[in-house]
Structures are given as C-alpha cells and as structure tokens.
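Heads up, the thing below is written out as structure tokens.
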Amino acid sequence: MSGVPMEHGLVLAAMLFALGLAGLMFRRNMVFILMSLEIMLNSAGLAFIVGGTAWGQPEGQAMFLLVITLAAAEASVGLALLLQLNNRFKTLDTDAASRMRG
Amino acid sequence: MMLVWLILIPFIGGLLCWQFERLGDTAPRWIALGTMGLELLLTLWLWWGGDFQLPEIAGAQASQWVLEFRAPWIPRFGIDIHLALDGLSLILIALTGFLGVLAVVCSWKEIIGRVGFFHLNLLWILGGVVGVFLAIDLFLFFFFWELMLVPMYFLIALWGHSGTQGKTRIGAATKFFIYTQASGLLMLVAILGLAFAHHAATGIYSFSYDDLRNAPISDELAMWLMLGFFIAFAVKLPVVPLHGWLPDAHAQAPTAGSVDLAGILLKTAAYGMLRFTLPLFPEASQAFAPVAMTLGLVGIFYGALMACGQQDIKRLIAYTSISHMGFVLIGIYAGTQLALQGVVVLMVAHAFSAAGLFIMSGQIYERLHTRDMTQMGGLWGRLGSLPGFSLCFVAASLGMPGTANFIGEFMVLFGTFPIAPWVVAIASVGLVLAAIYSLFLMQRVYYGPAKSDEPLEGLDHREYVMLLGILALVLFFGLYPQPLLETSGAAMHEIQRLFTDPALTTTILPTGAS
Amino acid sequence: MMELSMSLLLPLTFLLPLAGTLILSLSNGRLGECASATVGVTSMGLAAIVTVLIALQYIAEPQAYGVTLWRWISVEDFQPSIGLALDGLSLTMLGIITGVGFLIHLFAAWYMQGEEGITRFYAYMNLFVFSMVLLVLGDNLLLLFFGWEGVGLCSYLLIGYYYEHSANGWAAFKAFIVTRTGDVFLAIGMFLLFFELGTLDIAEILRRAPEVWAEGDPTVELAALLMLGGAVGKSAQLPLHTWLADAMAGPTPVSALIHAATMVTAGVYLIARMNGIFLLAPDILELTGIIGALTLLMAGFAALAQTDIKRVLAYSTMSQIGYMFLALGAGAFDAAIFHLMTHAFFKALLFLSAGAVIVSCHHEQDMRRLGGLWRQLPLAYAGFIVGGSALAALPLVSAGFYSKDEILWQQLASGHGGLLLAGMVGAFLTSLYTVRLIILTFHGKPKSDNARNAEAGRGLVHGVPLIVLAVLSTFLGAWIDPPLENLLPAPAEGEESWHLVLELVAAGVAIAGIAVAAWLYLRRRGWLAKHTSMGWGAWLWTFWNHAWGIDELYDRVLVKPYRGLVRILRRDVIDGACNLFAKLAWLLHQGLSRTQTGKLRFYATSMVAGATLILLALALMP
Amino acid sequence: MEVAFYLSGLVAVLATLGVITNTNPVHALLYLIVSLIAVAIVFFALGAPFAGALEIIVYAGAIMVLFVFVVMMLNLGESVVAQEKAWLTPKAWLGPSVLAAVLLLTLIATLWLGDIGKVIQGDTLTAKEVGTTLFGPWLLIVELAAMLLLAALVTASHVGRVSPPEKPAMNQETGARKEHS
C-alpha cells in the first residue's frame, strides 16, 4: 500500500471546514454556531497534522496542541457568552441581539 | 527684515486684541486700528522709499525683487522662509493695509459679541494675506494660503448674519472652507509634483521660486501641474463653475468679513496666477489661454445674469464681483503689458468699489435690519448722504469713466484686443450687463415709492469719513492711475516677457503687438 | 500771451461747472432752494462768459489751440492724456452748450420753484454740462468717451429725477441701457482704431488713417460702422431710438438741455469730428444718410399721432437729427453743424415754452385737455409761434428755413435723389405736426379746468431765456455762421440755378404743410376725429402713436427673454450642479449604512463571501 | 493504514453533516463527538498518536463535555427543536451552502492542480519528538498558550456568572428606553 497522498488529507480537512462554515452561516441558534466553530477549528487542526506528518516534522503536532488550547479557550468564553445571551434576551437566537444596527 | 515685520505686525496685533478684550470692547478696536494703520504706514513708507524701475539692462538674472529676505526653515527639503517684495506685491499689501483699516472702522458698531476674538480673526486673515503676497518659496506660499482660510471660516461662522431662505451661516462657512481647502490641496499636489520633477532632474530638493521656474519638465506634465495651480486660483477668483461659495459666504459674512473677502481674498487668487501660474508654466498657460478667456467670458455673463435675479443685496454685490473678476481673468491670460497693467488697476479698483458697496449694504442693514431688497425702495431722501455715496460706488461698479474701474476694464480690453478681438467684442457686451445690474441695485434700493417715512439717521462722522476716503481713492486712481502703473510696470513686464517669450514658437494665439 | 490765456481759459470751461457740482453735492442739504439755484446758474453764466472770451480770441486768430493738462495713462505705446483741443467745430458746440445751457439753467430756476431737491437737480445739470464740455473739447477718443459716458449717466440721473414714481426710474434705466449699447459699439471702434493705428489722439488718427487704409478698406468700414453705432445710440436714431420718447419723464428744462440741444447732438459731433474715417468708408456714409432719412420719416409720422406735448417735441427732435444725419450722409458736414446750431435754438425755445405751459397749467401735459391758452400765456404762445415757424422752416423769416434748405440742397447737389424726396416729405410732415401742436394747445376752447385757470409765469428768469431764444430762432440766428472755414471737408457743388428752384420748392412744401394742417385742425376737426376712431384710421393712429411698434418689438425680442433667463438662473443653476457632489456623497452614505443589519449571520456570510472571492481571484489569476 | 484513514474520514464527514442538519441540540452534540473521534482515528491512521490522544482526551472529552453541561443547564427541550425547524427554512440554508460549496471547490481545485506529490507513509511521529520541539524552540509559545488559557478562564468565570433573577438587567434597559422615546 503506497500510503495516503497528502492531497486527500487536505481535501478531507477542506470538506470538514466547508461543512462547519455552512453550519455556522445558516444556523441562528448560538449553540449550533459554537458547534460549527468547533468543527472548523478541528478541521484546521487536521490540516496541520496532515502537513506535519507528510513532511515528517513534529511541528505539525505541536501546532495542533496550540489549536486545541485555542479551541478550549474559545469554547469556554463562547459558552459563557451564550449563558449571558440566554439570560438577557431569554432566547438563544443571535438575531435578537442586533441593537448595533446601522 | 522689514518684510518679516510686515507679516508679524498683524499676527501680534491680533493676539494683543484678543488679550485686551478684558478691558472692554473699545480697547481691541483701537488696537486693531492701530495695527492696521501701522501696517499701512509701513507699506506707504516702503513705497515712498523704494524705486520700482526694473534695471532695464537685466543682464543675467538681475534680481527682480526690490526687497528680499531669506532664512532656512527646513533645509532637508530646501524649504526656506524666502520673502520678496516687488511692485505688484507692494500695491496689494498697501491695499490689504487700507482695507484692513476699513474693515476695523466699519465694524465699530456692528460687532458687539466677543470683540477681541473677532479682531484676532480679522487681523490673522490680513496677516495670512500679507504672507501670501510676500512668500516666494512655494511651500511657504502654500502655508500662508491655507493659514488665511481658517480665521475667515470663524469670521463667517461666529459673527455672520442669519441666512436667508434657510441657508445657515455655518453651512456657508463650511462650503467656503471645503471649496478653498480642496482646491488648496490640489495646489499642494502640483507644488510637490513640481518639486519632485525638479529633484529628478537636478538631484536637489528645492521649493524656491527661481529654481522651480526653470525646472525642466515635459509639456504634458507642465499642463497638468499648471491645471493644479489654476484650479486652486480659479476657486478663489472665483471662476464660474467653482464660484458656488462666494454668494453664500458674502450673504452670511459680517460687513468686515465681506469687505476683506471681496477686497483682498479674491486678489490673492489673481496675484497667485500672475506670480505662479504664468511664470512657472509659460507654454502651458499659453496653450490654456483660450480656455481661460472663455471661462472669463462665461464668468462675466453668468455673474451679470445672476446679479439681476437676486433679492439679497449682498448676494447681488457678490455676483457683481464674479462678473468683474471675469475681466481680470481675460486680462491675465491676454499676456500683453497693457492688459496686465489693466489687471492690476482693475484689481485695486474692484477692491475699493466692492468694499464701498459692502460697507453701504452693511450700513443699510444697521438701519433697516434687512438685506432683502424687496423691503427697501425709496430710500433716497431718508439716509442722509449715504445714497449719494452709493450712487458713486454704483457708477464705479458699472465702469463709469473717471473711476478706476473704467481705467482697469478698458486697459484690459485695449490690451486683449490684439490677442483675441472676438473675446473683447463679447466682453464689451458685458459692459451693458454691468450697467443693468448696477442700476438694478440703485433702482430697487433707492428709487421708487418709499415703503415708510419714519426717519432713519444719516451717516455719522466715522462712516462719512470712511466712505469719502474710499470715494477719493476711486476717483484719484480714475483720473491719475500713474503711481499704480509705474510701481507694477516692472513686475508686469517681467511676466509679459516670460509669457510671450520669442523663444516659444508654439504659441496658439497670434501674439500681435507686445 | 494769447497762448497762455487760452491754456487758462479752456480748462475753465469745464472746471466751473465741475466746481458748481462739487459745491452743491458736498453741501448735502444745507443749501436752500434759492442758494443752490444761484450757484448752479452762476457757474453756467461764468462758463458762458469764458466761452465768449475764447470765441473772441479764436475769431482774432483762428487756429487750433491745444492744452494738455496731464498724461492720463502711459503704458508702452498707450499714452492717452487729459488734453483739450479747440477748433471751429468744438467752439461752435461749446458755444451752444454754454450759451443755450445758461439760458436753460436760468429758466429752470423758475420752472423748479417749489420742487424738493433743487440742489440735487442743479448738481446733476452742472455735472452734465461738465461732461458735455469734456466730450466736445477732448483731444483724444478716450477723453471723448469719458464725456460720452458722463453725459449718459447724467441723463439717467436727470430723467429719473422724480424718483418717487418708479415709472420715471425705469424710463431713466431704459435710456441709460440703450445709450450704453451704443457706447459699447463706440468702445469696440476705439479698440479697433487703437490696434490698427496705435494711437487714440483724434488729430493723429485722422492723419494716419489715409496712410494705412485705402478707401473702402473693410477694417476702416468696420471702424466707421462701429462709430456710427455709437452715434446712433447717443443721438436716438433708428435702431436705438426707443429711449428718447420715454426720456420725457424728466423735468422739462432737462429735456430742453439734454434731449434737444446738447446730448442728442453728440452723435452728429462725433461723425463730424471723425470725418476723415467716414470719408474713407463711403458706403458707411451712405448708410448714415439712409438711417437719417428713415428716422426722420418714422419720427415725423409718430409725432403726428402723439397726445403729450413733450412727446411730440421728442419725436420732432428725433426727426430733426435725422436731417443732420442726412446732411452728414451727403458729406455736407458744415450744413449738418449749421442745422445743429439752429435746431438747438428753436428746439430749446419750444421745450422751454412747453415747460412754461406745463407749469402754468399745473403740470398738465396732455394736449387733449389743453386749449385756448393763447390769451392767458402770451409769451409761451409767442415762443411756440416763433419756434414752430423755425421748426417748420417758414421761408425767409425763420432760421430753420436756411439750415434745412441747405441740407436739402446738399442732397440734390450730391445726387442723393431718394434722400431728397424723403427730406421733402419730412418737411411737409414737420410743418403738419407743428401746426397741429400749436392749434391743439393754444386754440379752441380750454378743455379742462387746469387749462382754464392757467396763470402766466412772470419775472425775468422766466421771460429772458424765451425772448433770447426766440430772437435766435429767427433769421437773426441764421446769420451766426459757425467758424468752420476749411475745417471740415468741402461739400459737393451743384449749379446755382437748381439751388434757387429747390429753395422755392422747399418753401412751397412748408407753406402747403402749414395750410393743410391749419385747415384740418381748425375746420375739419370732426372729420379727423371720426377717421381716427374707426377702421384702418384708428389702427394707423395707434400704430404711429406707439412709434411704429419698435419699442414693443424690442421688449418682446430682448427684454422678455432676458428676464426669463434671469428667472431661470435665479437659483444659481451651476452652483446647484456643484452641490450634486454633496448629494451624491449623502446617497452613498445612505446606501452603505443599510449593510449594517446587526445580524451576526449576515456578517459571517459577508466575511465568507469576501474570503471566497479572494481565493477565487487568487486561483484564477494567471 | 489507508483503509482506516478513508473510512474514518468518511465517518467524520457524515457525522459533521449530521451535526449541521440536526435540529435537536443534544443529537447534534453527539454527532459532533462522533465526528471528533473519527478525526482522532484519522490521526492515529496517519501516525500521530500523540495528537489523536490529545484529540480524544481534550477535545472530545473536555470541550464536548462542557457543551453537554451547558446544553443540559439550559435544558433545551422540545421547544428548541420546534424553533430550529422553523428557522431552518430552505431560504436560510441554500445561500450559505452554495457559498460553502464554492469555497470547497476552489480549495479542492487549488489542491488538485498543485502537484504536491507527497505521500504519507504512516511512520509514527512519537510524542517524545513533539515534546522536544514543544519545550525546545517553542517554549515561549507554550507559555503564551498557558497565558491564553488563564485569560479564557478568568473571562469565562466572570461573564458566565448568571446574576440572580430578582435584579434582571433587562427592565433597567427597557425603563431607560421608555424615557428616551
């Protein structure tokens, strides 16, 4: 078996990223938006790993570690905001908080 | 060193007036009057002392300046405080001094609120204008050019009258500022373009007039740079498409503001053309002359047509100055010695007649508290000797012989005839229109049935002396304009020699008698 | 010594009226009615005396005198100076201006009694005489133009003297604008002459012109045409004549001085003075004759159908100046100036008598309400009779006969048959309307109480001018032959026998005219009234009353479009165009602010769209 | 090694699809966890055991548990499902999905055209090497990552504090707004 060509890995990451992106765009519920965000972050991590292993460099995985820390930090702050959103606007719909209209 | 003092006096005077406001309202007025009086005396003393005959045997580059002052400012870019005085700038500085005195005297009773700050603004405008007339370094010229706008903005915005038909004075002041600022930036681009072109050719940065004058630039670039300068001066002149700011600024400005605005600020534009646009880009200006003359003609007719349709007296006078400046534009781009001398006389004459008319409208406003001509009418017998004076100024504005306007206009027309006979023929039809709008003013304000016969007080001593002074000057230069002609003769010859340099073969216009 | 005194006397002629004006205007209101009248009249009197002294000296040794006061402007070769030149022609004009002017000023003292603003009146009158003297004595065209415009301004001020009624103001406005259009033609002519000949000095121009141009050269034709335009504007000839009738809104002495004796003759003086140029342009001279003929016929018919005394006299002035243009057209410059002089006398007399009638009848000017005044106002009646006879060129006894006959003879001598015929018809019309004027005003029954209790003016100030002018209007006036020897080009010669025949024919026409008019207006007034009130007669009468409708034509063709244009542009259309940029910026702002919806998803989508676009661009970039 | 890769890749994509299209938040969450685990398997397949472990422990374990807590705390019951159905109109998801598809195509196109030609043989990169790089040249970055986590901790604790119901901030606003209008 000749191994997995790098493009396939990257294509997989791209597909995951695109799906996360689509999820982010057409969802109004804050929870789903955060989930899609996680997916996108994860696909980015995947891309790093594929790159790292393809070139045989450990930096890929080191970078993945950072992606994970970022994802963790982002998720926690996101969820905290979600709680506030729910508390103030009594709903999880992001469109409700649109007082910054032009 | 004298030139630096000429600029500093108004600035210092302005600061003094501002500080002495605490001593009550009259102190700043006397200080302002004293400052401008000193400035005028200094200039007249210079005029008396200096001889203005250009040494005819100007061999190499005999310095054409009568007085010069040079001090390094930003050596890195070759910018230095380079002030120089010649016949043309001397006349205009004397004019600035005189109109400064007039502006202070005519706003003696009119300005009551924040008198100190008003006089600060007034004197700083005059300081900026004197700076413009003296600066020979292009960067310094631009510096003063921008400096004189800001106080004018405050003058209109803070002490202006309420607007007619809803145009507020803030709107007018902002419009004035945007127009002049935008065009000023165009000029800055042109100056920098010129400096860089010079640097590219000679490797040294320099903004001085003489270096940039013989900077080798391609014709096509010269045309663009010339346009940059021309548009900046065309806005201030004002030339018709870009004239929108003048009527609004005049209608809302206080009398002193209008006197300054019409008297001097318009002349800075004409001075700029004579000093910078023509000598710096002779071939481009030559090629541009037919367009400029057509713009002048459009200005004359459009100004006249607009003036006849106005209700507000100050707007009418504003449009008349647009029409007069059309003649100036034609004279400048005719390029003959006679036309250029005519331009100088016309500038001075228009300054006096416009100042006179504005002071008159200010005095009518003080008595009738309105500028709307439909409410005036039949004022002839009710205002003492003011109608007599305004008749003389109206005669001056329609170019009645015996007044300096006639001398200026006819010298311009005589000078332009060899260059462009058709332009002169059409421009002289403008003389009829000048008669129409001037007599319109007399007809609507002074003749006709009196609206009410409650007595209005005549001219008090201050106003009488002021108007008599202006009238005397208008008539003196109308009958004996020789002092003006001799002083500006050398400067104009310099410009005329450049403009119709025999070396320039590609002249579009058949330059007949020089 | 003679030279010195002349160089002193000449400037005095215009300095005196100027001094009068300055005194009156700077006194602003402190001078009473009588004081200002005395100042005004004495300044004119002194000027008249100075003119007499100058005349005596000139007759002693008739040669051209010149004095240059100072160089007005000197730029390269443009060197006009304030210089006065006296020769026979300008002496004659000077004599008329100061002589007749003085008499009119005297009469005005009586006429303007009780009017407010007498100081202003005399200040303007003196200023007018000052400008007219400068016009006549100026040795270069620029100074002539100075006087030319000054005269126009003063006529504006004096016509608009009664400024309370805005109609008078607008009449003055119209007069100034129409004359100003004429001045513009003159100005362009001056530019052309200076450009071609390099000088503005009149003597110099006349000397250089033949060298530079051959006869009939298009440039000299153009210059002559432009100067003719200026003359036509000022002398109220056909194209630019509409202002003279309305100029009667001013006080009558003003009409006498300005619109009879002096200003309107400025055009004739200009053409006579620049005869050298006109001789080089023969068909322009021809055109002058034709304009004169057309104007005299048009004005003659118009005068027949006027009801206001002063308008009749205004149209008669227009037609008499038409005669002068006729003379100039035939190259008879002497005859034109001679007629100018006699016309000044009898027309001033007629206007002053009219003034006397108007004041006596409490400012009643309409002939339909006057009548039967010859018993109450004997002096005015005498003035009208003598003036009218001179105007109608009553043979042998009146001055008008000699001068008009000379003009008609010159037409015959120079072979202008058509113009001669026009002159004859004109003469007939003139006598017709003159007799009509006298009969309607003085004979028949007084038709209004104003006319009934008219009290005659008394006092020397009222009487002397009328008597002096009456004397000058008779054959005694014709004896004063103006000192024009070998100054102006010689007129054409015809054999003497024809001259005698022409004189008889002209006399016959005049007498016939008078007889027909007397018969019509004394006997057949009913027939006349019937005919002018129905059908084509009424239409013709109103057509002539409105001076052939030219004024309405100008109004519709020029004035209305101008006012329309002004109204369209009132709101500063071009400035509006510049304001469009401001509106554009505002619209852009409006559009962009709509993109801030506040919805998170919208922002996310726009970000993604942006990213995709960039990626696409990168991918597709070659 | 390839089979594991392709298989788990497929599972990951399907699970993500499930996440996006699902209306019930809890089901979506579970799909998400499945997707994360599938990705972890991919990591193992590619020979990055350390990353795979991390993924499972931190990502799937900690973050997803966090999500579950929050979803449970807000007890998003059936009402949310109904609401989601209402919001998921075709008009809502058609536009974004087209956009995402275009983005995907461009990415794939650029990948496909670029001839990278690298092939992953599957030889593992041990945690030791990753550790040496982490605490070797990347020491500073690791410290920063720690700082980031600390900051996130502080923010989350402050922002997440649900203020007691009796003084809800909302009517203060509405009160304030009443005066304004």
Side-chain angles (χ1 to χ4, degrees), chain A residues 1-12 14-16 18-23 25-26 28-29 31-32 34-36 38-39 42 45-46 49-50 52-56 58-62 64-66 68-77 79-84 86-88 92, chain D residues 1-2 5 9 12-13 16-17 19-20 25 28-29 32 35-36 39 42-43 46-48 50-51 54 58-59 62-63 66 70-71 74 84 87 92-93 96-97 100 103-104 107-108 111-112 116 118-122 125 129-130 133-134 138 141 145 148-149 152 155-156 159-160 162 169-170:
Chain A
M1 287 290 286
S2 66
V4 172
M6 184 178 165
E7 290 85 358
H8 292 201
L10 291 178
V11 159
L12 176 64
M15 282 168 65
L16 286 180
L19 285 173
L21 203 64
M25 282 195 281
F26 60 69
R28 288 169 66 159
N29 186 329
V31 174
F32 289 97
L34 286 178
M35 275 195 263
S36 320
E38 291 308 317
I39 295 168
N42 190 4
L46 172 63
I49 294 296
V50 163
T53 46
W55 295 91
E59 274 78 5
Q61 297 189 18
F64 177 71
L65 179 78
L66 298 179
I68 284 189
T69 47
L70 173 69
E74 183 272 335
S76 54
V77 171
L79 289 173
L81 286 172
L82 183 124
L83 290 179
Q84 276 303 334
N86 185 21
N87 184 291
R88 284 177 185 247
L92 280 177
Chain D
M1 184 272 280
E2 291 79 6
F5 170 81
V13 167
T16 327
L17 257 177
V19 167
I20 297 164
L29 210 55
L32 183 55
S35 154
L36 289 180
V39 167
V42 164
F43 286 159
L46 292 180
F50 172 62
L54 266 182
V58 173
Y59 221 124
I63 301 172
L66 202 65
V70 165
V71 163
L74 300 174
E84 275 309 309
W87 280 342
W93 56 264
S97 43
L103 182 71
L104 184 61
L107 288 176
I108 290 169
L111 285 176
W112 212 257
I116 308 170
K118 288 296 258 199
V119 174
I120 305 167
Q121 295 311 331
L125 266 165
E129 287 158 1
V130 175
T133 45
L134 268 179
W138 283 35
I141 295 171
L148 175 70
L149 281 176
T155 340
V159 165
V162 178
M170 270 304 289

Indicate yes or no: at least one non-hydrogen side-chain atom of A:Thr69 is less than 4.5 angstrom from one of A:Leu66. yes
Less than 4.5 Å apart, any side-chain heavy atom of D:Val159 and any of A:Val77? no
With only heavy atoms counted, which part of D:Leu32 is less than 4.5 Å from chain A, the side chain, the backbone, both or neither? side chain
Where is the tightest heavy-atom contact between D:Ile20 and A:Gly20, given as atom of each residue plus distance? CD1-N, 4.2 Å
Counting heavy-atom pairs under 4.5 angstrom with chain A, the leader among D:Ala145, D:Ala152, D:Pro96 is D:Pro96
Interchain contact, D:Leu107 with chain A, by part (heavy-atom threshold 4.5 Å): side chain
Max heavy-atom pair count under 4.5 Å with chain D, selected residue of A:Thr53, A:Leu19, A:Asn42: A:Asn42
Under 4.5 Å from any heavy atom of chain A - which part of D:Ala62: neither
Heavy-atom pair count under 4.5 Å with chain A, highest-scoring of D:Leu103, D:Thr155, D:Ile108, D:Leu149: D:Leu149
Can you name the nearest heavy-atom pair linking D:Gly9 to D:Val42, along with the distance? N-CG2, 3.9 Å
Where on A:Glu74 is there a heavy atom nearer than 4.5 Å to chain D: the side chain, the backbone, both, or neither? neither
If I compare all heavy atoms of D:Tyr59 with all of A:Ala71, which pair ends up nearest, and what's the gap? OH-CB, 3.6 Å
A:Met6, A:Met35, A:Met15: which one forms the most heavy-atom pairs within less than 4.5 Å of chain D? A:Met35
Which is it for D:Phe50 and D:Glu129 under the side-chain contact (heavy atoms from CB on, under 4.5 Å) test, yes or no, and what are the steps along the way? CA-CA 10 Å; D:Phe50 172 62; D:Glu129 287 158 1; over 6 Å; no
Which distance, rounded to the nearest 0.5 Å, do you find between the CD of D:Glu2 and the CG of D:Leu46? 10.0 Å
Chain D interface, residue from A:Leu16, A:Leu79, A:Leu83 that has the most non-hydrogen pairs under 4.5 Å: A:Leu79
If you take all heavy atoms of D:Leu66 and A:Ser76, which pair is closest and at what distance? CD2-CA, 3.9 Å
Heavy-atom contact with chain A under 4.5 Å, split by part of D:Val70: side chain
With only heavy atoms counted, which part of A:Leu81 is less than 4.5 Å from chain D, the side chain, the backbone, both or neither? both
Check each atom of A:Leu34 against the heavy atoms of chain D and say whether the ones under 4.5 Å are side chain, backbone, both or neither. both
Within this structure, what is the CG-CG distance for the pair A:Leu70 and A:Leu65, rounded to the nearest 0.5 Å? 11.5 Å
Given a strict heavy-atom distance threshold of 4.5 Å, which part of A:Leu46 is in contact with chain D: side chain, backbone, both, or neither? both
Could you pull out all residues at least two apart from D:Ala100 that satisfy side chain to side chain contact (heavy atoms under 4.5 Å, CB included)? A:Ala22
Residue part contacting chain D, namely of A:Leu21, when any heavy atom lies under 4.5 Å: side chain
With sequence neighbours excluded, tell me which residues meet ring pair (Phe, Tyr, Trp, His ring centres under 6.0 Å) with D:Phe43. A:Phe64
Given that the side chain runs from C-beta out, which part of D:Leu54 has a heavy atom under 4.5 Å from chain A: side chain, backbone, both or neither? both
Considering all heavy atoms of both residues, which atom of D:Thr133 and which atom of A:Ala62 are nearest to each other, and what is their separation? OG1-CB, 4.4 Å
Relative to chain D, which segment of A:Asn86 carries a heavy atom at a distance below 4.5 Å: side chain, backbone, both, or neither? side chain
Chain A interface, residue from D:Ala12, D:Gly160, D:Ser35, D:Ala51 that has the most non-hydrogen pairs under 4.5 Å: D:Ala51
Whatever's closer than 4.5 Å to a heavy atom in chain A on D:Val39 counts as side chain
Taking side chain as everything from C-beta outward and backbone as N, CA, C, O, which of these in A:Leu10 sits under 4.5 Å from a heavy atom of chain D? Side chain, backbone, both or neither. both
Top contributor to chain A contacts, counting heavy-atom pairs under 4.5 Å, from D:Leu74, D:Leu29, D:Leu17: D:Leu74
Measuring heavy-atom distances to chain A, does D:Val58 have an atom under 4.5 Å in its side chain, in its backbone, in both, or in neither? side chain
